[in-house]
S.K.: 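Dropping the structure in here first, questions after.
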There are 4 protein chains.
Amino acid sequence: MDFHEQQPIYLQIVDYVCEKILLKQWGKGDRVPSVRELAVTLEVNPNTVMRAYEFLQQKEIVYNQRGLGLFVADDGVKNARIYRQHEFLHKEVPAFFASMSLLQIGVEELEPMFKKYRKSKA
Amino acid sequence: MDFHEQQPIYLQIVDYVCEKILLKQWGKGDRVPSVRELAVTLEVNPNTVMRAYEFLQQKEIVYNQRGLGLFVADDGVKNARIYRQHEFLHKEVPAFFASMSLLQIGVEELEPMFKKYRKSKA
Amino acid sequence: MDFHEQQPIYLQIVDYVCEKILLKQWGKGDRVPSVRELAVTLEVNPNTVMRAYEFLQQKEIVYNQRGLGLFVADDGVKNARIYRQHEFLHKEVPAFFASMSLLQIGVEELEPMFKKYRKSKA
Amino acid sequence: MDFHEQQPIYLQIVDYVCEKILLKQWGKGDRVPSVRELAVTLEVNPNTVMRAYEFLQQKEIVYNQRGLGLFVADDGVKNARIYRQHEFLHKEVPAFFASMSLLQIGVEELEPMFKKYRKSKA
DNA sequence: GTGGTCTAGACCACC
DNA sequence: GTGGTCTAGACCACA
């Protein structure tokens with residue numbers, strides 16, 4: 001039942017790390033799990049984690065200190081947000097609208113829910 | 001790497017069947033795949049498919065004709081939509097709003113995208 | 001005698017492709033060798049070529065047409081030049097200066113050679 | 001992936017030895033590694049090392065003391081520099097200029113880098 | 001055929 | 001111990 005895994009594993013790992021950073025569970029300058037650690041945790045091949053970390057370095061979300069490990073970059077939070085915003089607007093939002101269309105749900109039904117959501121947060 | 005499986009498999013199968021019905025790929029009165037067939041297609045245990053079909057019968061989306069198989073109910077499309085609407089509004093919408101909040105995306109950014117989406121559909 | 005291979009193979013392949021493009025041997029819109037072809041030509045693993053092509057796509061030097069192959073991008077020449085300029089200025093130039101220093105060669109000795117070079121080209 | 005091996009191995013060994021001498025890692029009168037030692041270190045055939053040492057003796061960079069081994073010549077540093085200068089000016093410099101031309105880099109861009117380089121050394 | 005993803009296991013340099 | 005590179009071989013979706 002793994003039909004439709006939509007995203008490659010390494011990008012799912014990228015999202016996983018971004019979420020940790022955006023939720024401030026991993027702060028600026030903190031060491032992130034080593035390639036091998038995370039590979040064990042997520043039960044994937046170390047190379048797959050490596051690929052995710054390469055991607056995150058290229059996006060300047062984490063950086064490498066030789067022989068020590070990978071750390072959350074100074075602009076890590078900002079860059080993680082920029083990357084995830086882009087993905088959200090170009091992938092999740094269209095899928096969301098497609099579902100709304102299929103289920104014949106109008107925007108007017110969502111607005112009160114959004115207001116309620118904001119109130120509960122404030 | 002199966003962290004984040006959010007839903008039990010049998011409910012994922014329910015969603016799968018509902019989508020087929022809502023997209024009119026399986027029409028009113030059509031025979032739906034047998035438990036064994038679908039179990040093979042989705043590579044899951046037949047018991048799991050059985051559980052999904054029980055659920056769908058209870059929601060009056062499919063019905064059982066003894067010895068012949070399962071068929072899309074007369075109100076199947078309507079009931080599938082009602083079920084999925086409920087799930088969408090109570091699960092996917094809140095998750096969507098939570099993402100918007102985390103990524104600091106405002107409704108005003110979504111509105112033009114929604115208009116564009118509707119136009120492209122019309 | 002492979003001491004000091006300085007650059008990873010996949011970046012050497014990147015340089016190889018950039019040179020072909022900058023020398024106009026592979027023009028804008030041309031199909032570049034497939035991953036498997038180039039792997040055979042250069043006697044390396046297809047994954048290593050894949051890595052080079054991923055890098056080149058990310059730099060917008062080549063682009064992928066699904067199922068057909070990789071092609072030189074519209075701005076391929078420009079982007080190849082930008083990339084190679086950066087590498088040249090940050091890697092080859094310092095090494096060149098270090099050699100000049102070690103061999104006690106002054107800039108004044110190079111200037112006449114450069115003028116001669118330009119004349120021979122014009 | 002050995003395209004671009006530019007120079008025969010024995011001349012690469014010559015360069016290797018010259019660099020050791022110019023960097024004062026092997027001083028005047030010091031014994032240089034035996035043919036067999038260097039062959040093991042560089043993982044090449046002893047005959048290839050032999051050929052390099054013959055070349056270096058002919059250039060009066062090292063000399064042979066029967067039964068004792070090879071030693072850095074009195075004018076070893078000077079002669080190594082003269083040889084390498086010649087090679088540098090006739091091989092590396094033209095290649096460097098060719099790259100500059102291909103990458104459309106002007107001398108004016110290099111001058112500030114050279115000044116900076118000299119300052120950092122002083 | 002094409003590119004792309006993933007695993008397994010190896011070896012390297014750096015600290 | 002760390003990240004990084006490379007190979008070998010598998011499987012997938014797309015055309």
Side-chain angles (χ1 to χ4, degrees), chain A residues 1-17 26 29-73 76 91, chain B residues 1-3 41-43, chain C residues 1-17 29-73 91, chain D residues 1-3 41-43:
Chain A
M1 182 63 182
D2 34 61
F3 70 111
H4 263 176
E5 282 247 336
Q6 78 269 55
Q7 283 226 119
I9 295 177
Y10 80 95
L11 287 181
Q12 292 179 42
I13 298 173
V14 166
D15 288 350
Y16 170 85
V17 173
W26 298 350
D30 286 0
R31 193 173 163 280
V32 301
S34 79
V35 172
R36 289 158 179 90
E37 271 170 36
L38 198 53
V40 170
T41 304
L42 302 181
E43 296 179 48
V44 293
N45 189 288
N47 282 326
T48 307
V49 175
M50 186 72 236
R51 205 168 169 189
Y53 275 154
E54 258 171 42
F55 187 94
L56 288 161
Q57 280 186 72
Q58 187 231 314
K59 295 281 181 195
E60 294 182 66
I61 293 168
V62 303
Y63 67 94
N64 178 18
Q65 230 170 312
R66 292 277 286 260
L68 295 178
L70 293 157
F71 298 80
V72 177
K91 291 186 179 170
Chain B
M1 184 62 185
D2 32 58
F3 71 111
T41 304
L42 304 181
E43 296 179 46
Chain C
M1 184 65 182
D2 35 61
F3 71 112
H4 263 177
E5 283 247 336
Q6 78 268 56
Q7 282 226 118
I9 295 177
Y10 81 95
L11 287 181
Q12 292 179 43
I13 297 173
V14 166
D15 288 351
Y16 171 85
V17 173
D30 286 0
R31 193 173 163 282
V32 300
S34 79
V35 171
R36 290 159 178 90
E37 270 169 36
L38 198 54
V40 170
T41 305
L42 303 181
E43 297 179 48
V44 293
N45 190 288
N47 283 325
T48 306
V49 176
M50 186 72 236
R51 207 169 168 189
Y53 275 155
E54 257 172 42
F55 188 93
L56 288 161
Q57 280 185 72
Q58 186 230 316
K59 295 282 181 196
E60 295 183 63
I61 293 167
V62 304
Y63 67 93
N64 178 18
Q65 231 170 312
R66 292 277 285 261
L68 295 178
L70 294 157
F71 299 80
V72 177
K91 291 185 179 171
Chain D
M1 183 62 186
D2 32 56
F3 71 110
T41 304
L42 302 181
E43 296 179 46

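These values consider heavy atoms only, across backbone and side chains, with no hydrogens, waters or symmetry-generated copies. A note on names: the letters A, B, ... follow the listed sequences, proteins ahead of strands, and every chain is numbered from 1.
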S.K.: Determine the contact category for C:Tyr53: base if any of its heavy atoms lies under 4.0 Å from a base atom, sugar-phosphate if only primed atoms, P, OP1 or OP2 are that close, otherwise nothing.
M.R.: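 Contact class for C:Tyr53: none.
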S.K.: Of C:Arg36 and C:Asn47, whose closest DNA chain E nucleotide lies nearer the 5' terminus?
M.R.: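 On the 5' side of the pair lies C:Arg36.
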S.K.: Got a second to check how far C:Ile13's CD1 is from C:Phe55's CZ, nearest 0.5 Å?
M.R.: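 Result: 12.5 Å between the selected atoms.
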S.K.: Report yes if the side chains of C:Tyr53 and C:Ser34 come closer than 4.5 Å at any heavy-atom pair, otherwise no.
M.R.: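 A side-chain contact under 4.5 Å is absent here.
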S.K.: Using five pairs at each end of the helix from E:dG1-F:dC14 to E:dC14-F:dG1 to define an axis, what is the angle between those two axes, to 10°?
M.R.: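 That helix gives 10° between its end axes.
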S.K.: Measure from CD1 on A:Ile9 to P on F:dC12 and round the result to the nearest Å.
M.R.: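 Those two atoms, CD1 and P, are 14 Å apart.
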S.K.: Which atom pair, heavy atoms only, marks the closest approach of A:Thr48 to A:Tyr10?
M.R.: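 Here A:Thr48 and A:Tyr10 meet closest at O-CB, 3.7 Å.
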S.K.: Nearest 0.5 Å please: distance from the CG atom of C:Asn64 over to the CG atom of C:Leu56.
M.R.: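 CG of C:Leu56 is found 12.5 Å from CG of C:Asn64.
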S.K.: What I'd like to find out is whether the side chain of C:Ile9 reaches to under 4.5 Å of the side chain of C:Arg51, using heavy atoms alone.
M.R.: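 No - every pair of side-chain heavy atoms lies 4.5 Å or more apart.
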S.K.: Looking at DNA chain F, which of residues 56-73 of chain C put a heavy atom within less than 4.0 Å of it?
M.R.: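 Going residue by residue through residues 56-73 of chain C, the ones with a heavy atom under 4.0 Å of DNA chain F turn out to be C:Arg66, C:Gly67.
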S.K.: Walk along DNA chain E from 5' to 3' and tell me the first and last nucleotide with an atom closer than 4.0 Å to a non-hydrogen atom of chain A.
M.R.: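 Both ends considered, the range comes out as E:dT5 to E:dC15.
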S.K.: Could you pull out the closest heavy-atom pair between C:Ala39 and C:Asn45, with the gap in Å?
M.R.: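 Taking every non-hydrogen atom into account, CB-C, 4.2 Å.
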S.K.: Any non-hydrogen side-chain atom of A:Gln6 less than 4.5 Å from a side-chain atom of A:Lys91?
M.R.: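 Contact flag for A:Gln6/A:Lys91 side chains = no.
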S.K.: Might you confirm whether atom CD of C:Glu54 has over 12 heavy atoms from other residues, nucleotides or ligands at distances under 6.0 Å?
M.R.: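 Count over threshold, so yes.
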S.K.: Is it the case that the side chain of C:Gln12 and the backbone of C:Gln7 share a donor-acceptor pair, with hydrogens and angles ignored and the cut-off at 3.5 Å?
M.R.: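 Yes.
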S.K.: Could you go step by step and tell me if A:Arg31 and A:Leu68 meet the side-chain contact (heavy atoms from CB on, under 4.5 Å) rule?
M.R.: CA-CA 9 Å; A:Arg31 193 173 163 280; A:Leu68 295 178; 5.9 Å; no
